[in-house]
Amino acid sequence: MHIAVLPQDRVRAAPTGPCIADETRALDNAAFADAVAGAAAALHAAGTGRGDVVAVVLPNRVELVVTLFAAWRLGAAVTPVNPALTVDEAGHQITDSGAGVVVGERAASPLVTLDVAELAGDPAAAPEPVTDDDALALLIYISGTTGRPKGVMLDHRNVRAMCEMIIAGVGLDDTDHSLLVLPVFHVNGIVVSVLSPLLAGGRTTIAGRFRAETFLDVVARVRPTYLPAVPAIYAMLAALPADAVADTSSLCLVICGAPPMPAELIARVEGRFDVPLVEGYGLSEGTCASPLNPPGGPRRPGTVGLPLPGRTVALMGPDGTLVDDGPGEVVISGPNVMRGYLVLVDRIKDMIIRGGENLYPKEIGNALYAHPAVHEAAVVGAADPVLGEIPVAHVALLPGAVASPEELVEHCAGRLARIKIPTRIKIPTRITIVDALPKSSVGKIDKPTLRRAAVPTG
C-alpha cells in the first residue's frame with residue numbers, strides 16, 4: 001500500500017477509530033482523512049502538484065502530519081524545517097530544496113507563503129492520490145560538520161520499506177499507541193513515531209514540549225504503549241528524584257536511537273520504569289534505523305543489535321573489501337537506503353587517533369558512565385602538536401552528586417588502557433565537569449560544539 005492512500009484505508013477499516021492527537025486536537029480516522037483531503041485541496045489551489053516540494057515550518061502538532069499526507073496525496077515531496085532555525089538557515093533549506101510553497105504560521109516566520117489556517121480546504125476538491133513509489137517523499141536536511149546542511153532524498157519506496165522493517169522488527173500492530181516526543185523535522189520522529197504505528201493500524205499522540213518533570217504525568221494520562229526517544233531524554237527521566245512517580249504501566253516498549261546509549265543508563269531506565277529499552281543504530285541516509293536489538297531477545301544492552309528484516313549491515317575495510325572484524329566502516333544496503341544527497345559534504349570521523357593508536361570515544365564514555373555520579377558524558381578529540389589528537393571528556397553529574405575530575409580519572413584508570421584515560425598523562429588532556437552537555441535540536445549531544453571547546457591547555 002502506498003502511504004498516500006493510508007488515510008482512506010484507515011477510514012475503510014475503522015472510520016471512528018482513533019488516529020492522531022496533540023494537546024489541543026484529536027482526530028479519528030474519518031476526521032484525519034477529511035483534514036488531509038482538505039489540506040491537499042488547499043495546496044493544489046496554491047499550485048502544488050506532482051514533483052513539487054512543500055516546506056513545512058511548524059512545531060510538532062496535528063497539522064504538521066496532515067501537511068505531510070496532503071503533499072504526498074498530490075505527488076509532492078515534503079521538507080520539514082526546524083522552526084527554531086534563523087530566517088537565513090531556514091531560507092537556505094527552502095531555497096536549496098526548491099520548495100514552491102511554505103506552510104506554517106505567518107506570524108512566526110516571514111518565509112511562510114501558506115498559513116496553516118488556510119489548509120482547511122474543501123475535501124471534495126482534492127485530486128485523487130498519486131501513488132508513484134519512485135516519487136520523492138521527504139527531503140530531510142542534516143547538519144554537516146563542514147558547510148551548509150545537506151538534503152537527504154528519500155522516495156516513497158524508501159519510506160515504505162523502512163516502516164515495514166520497523167513494524168516487523170518491533171512487532172507493532174493495531175493495539176499500539178505511540179507517543180511522539182521527537183521533532184518531526186527529523187526522520188526518526190516521522191518514520192518511527194508516526195508513520196510506522198499508523199501503518200500498523202495503531203495511533204499516535206503528539207506530546208508537547210518535553211519537560212522531564214511533567215513527562216511521567218503525560219504518560220499516565222495518554223497511556224501510550226510505545227515510546228521512541230533519544231539518550232538525552234532517557235537520561236533526564238532516569239535522573240528524576242525518587243519521589244517523582246506516575247503510572248507508566250501502559251508502556252510495553254521504549255526505543256532509543258541517535259547517539260549510543262551506555263549499558264549502565266539502559267539498566268537505570270529499565271530498572272526504574274520496568275519496561276524493556278531496545279537500542280538501535282541508524283541514520284537519515286538509511287531512512288532511520290538499520291540494526292535494532294530484538295525486543296524479544298536476544299538483547300545486548302550497549303550494542304546496536306541485529307539488522308532489521310530486509311537489509312544488510314556489514315563492515316568495510318580501508319581497501320573497500322568487507323571484513324569480519326573491526327575496525328571498519330559500517331556499510332548498509334537495502335530498499336531503505338536513500339536515493340542520494342542534494343549536496344554532499346565530508347563527514348569528520350569520531351575516532352581519535354592518538355600517536356597512531358585508535359581510540360573510540362564510546363569506550364571512554366562507557367567507562368565514565370559506569371561511575372555512579374555521572375549523568376552524561378561525551379568524549380571528543382582535541383588537536384595535539386605531538387600526538388595528533390588527544391581525548392577530552394565533558395561530564396555532567398547527576399543532581400546532587402559530587403565527583404572531581406581526579407576521581408573520575410582514577411575511576412577510568414581501572415577500566416581503560418593508559419592511552420585512553422582523558423587526563424594529563426604526559427600530555428595536556430583533561431576531564432571537564434559541566435552543568436549540562438550541549439544538545440542539537442534533535443536531542444543529540446552537540447559534538448561539534450564540544451570539539452570547538454576542546455582546546456588543550458597547559
Side-chain angles (χ1 to χ4, degrees), residues 59-60 82-86 143 145 181-183 185-186 188-189 207-218 227-244 254 256-269 272-273 277 279 350 361-382 391-409 411-412 422-423 429-457:
N60 284 11
N82 180 353
L85 294 181
T86 65
S143 296
T145 51
V181 295
L182 301 176
F185 54 81
H186 189 272
N188 195 342
R209 184 179 179 84
F210 176 81
R211 295 180 178 84
E213 61 273 15
T214 61
F215 185 73
L216 299 186
D217 292 329
V218 173
L227 173 66
V230 292
I233 287 177
Y234 292 121
M236 286 186 278
L237 294 176
L240 287 171
D243 60 356
V254 297
C256 183
M261 187 169 181
E264 290 80 8
L265 180 54
I266 293 174
R268 288 183 204 169
V269 174
R272 174 155 189 170
F273 300 107
L277 188 153
E279 187 182 14
D350 280 348
K362 182 182 178 183
E363 186 179 4
I364 302 172
N366 284 346
L368 289 165
Y369 268 103
H371 191 283
V374 171
H375 174 50
E376 288 186 304
V379 179
V380 296
V392 173
H394 299 259
V395 176
L397 302 179
L398 288 164
V402 177
S404 67
E406 293 75 18
E407 178 183 344
L408 295 175
V409 168
H411 169 81
C412 288
T423 187
T429 49
R430 67 183 184 275
I431 289 178
T432 301
I433 306 292
V434 297
D435 292 334
L437 295 179
K439 303 291 196 312
S440 71
S441 56
V442 296
K444 292 184 179 181
I445 292 174
D446 185 356
K447 285 196 171 182
T449 294
L450 294 180
R451 289 189 186 99
R452 289 192 292 270
V455 179
T457 59

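Once rounded to the nearest 0.5 Å, the distance linking OG1 of Thr432 with CZ of Arg430 reads 4.5 Å. Atom CG of Leu437 and atom CG of Asp446 lie 10.0 Å apart (nearest 0.5 Å). Taken from CE in Met236 to CD in Glu376, the straight-line distance is 7.0 Å, to the nearest 0.5 Å. Note that CZ of Phe273 and CZ of Arg268 are 12.5 Å apart. Values are rounded to the nearest 0.5 Å. Atom CD1 of Ile364 is separated from atom SG of Cys412 by 8.0 Å, given to the nearest 0.5 angstrom.
For the pair Pro438 and Leu450, the minimum side-chain heavy-atom distance is below 4.5 Å. Counting heavy atoms from C-beta outward, Ile433 and Pro405 have side chains that approach closer than 4.5 Å. Put simply, the side chain of Val434 does not reach to within 4.5 Å of the side chain of Val395, judged on heavy atoms. Using a 4.5 Å heavy-atom cutoff, the side chains of Val254 and Tyr234 are in contact. Between Val269 and Leu237 the shortest side-chain heavy-atom distance does not fall below 4.5 Å. Residues Val392 and His394 are in side-chain contact: their nearest non-hydrogen atoms beyond the backbone lie under 4.5 Å apart.
Evaluation of the ring pair (Phe, Tyr, Trp, His ring centres under 6.0 Å) rule for His371 yields His411 as partners, not counting sequence neighbours. Applying the salt bridge (Lys or Arg N to Asp or Glu O under 4.0 Å) test to Glu279 and every residue at least two apart in sequence or in another chain returns nothing.
For the pair Asn60 (side chain) and Leu182 (backbone), a donor-acceptor distance under 3.5 Å is present. A side-chain donor-acceptor contact under 3.5 Å links Arg272 to the backbone of Leu240.
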Donor-acceptor pairs are to be reported for all side-chain atoms of residues 210-217 against protein atoms at under 3.5 Å, with residues two or more places apart or in another chain.
residue, atom, partner, partner atom, Å
Thr214, OG1, Arg211, O, 3.3

Go through it in stages, so that I can follow the logic: the residues are Val409 and Ile431, the test is side chain to side chain contact (heavy atoms under 4.5 Å, CB included), and I'd like the CA-CA distance, side-chain angles, deciding distance and then a yes or no.
CA-CA 8 Å; Val409 168; Ile431 289 178; 3.8 Å; yes

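Closest of all the heavy-atom pairs between Leu265 and Ala238 is CD1-CB, 4.1 Å. Closest of all the heavy-atom pairs between Ala235 and His375 is O-CE1, 2.9 Å. The two residues Met261 and Leu277 make their nearest non-hydrogen contact at CE-CD1, 3.7 Å. For Val380 against Arg451, the heavy-atom pair with the smallest separation is CB-CG, 3.8 Å. Nearest heavy-atom pair, Asn366 versus Glu264, reported as atom, atom and distance to 0.1 Å: O-OE1, 4.0 Å. The two residues Pro372 and Leu398 come nearest to each other via the heavy atoms O-CD1, 3.2 Å.
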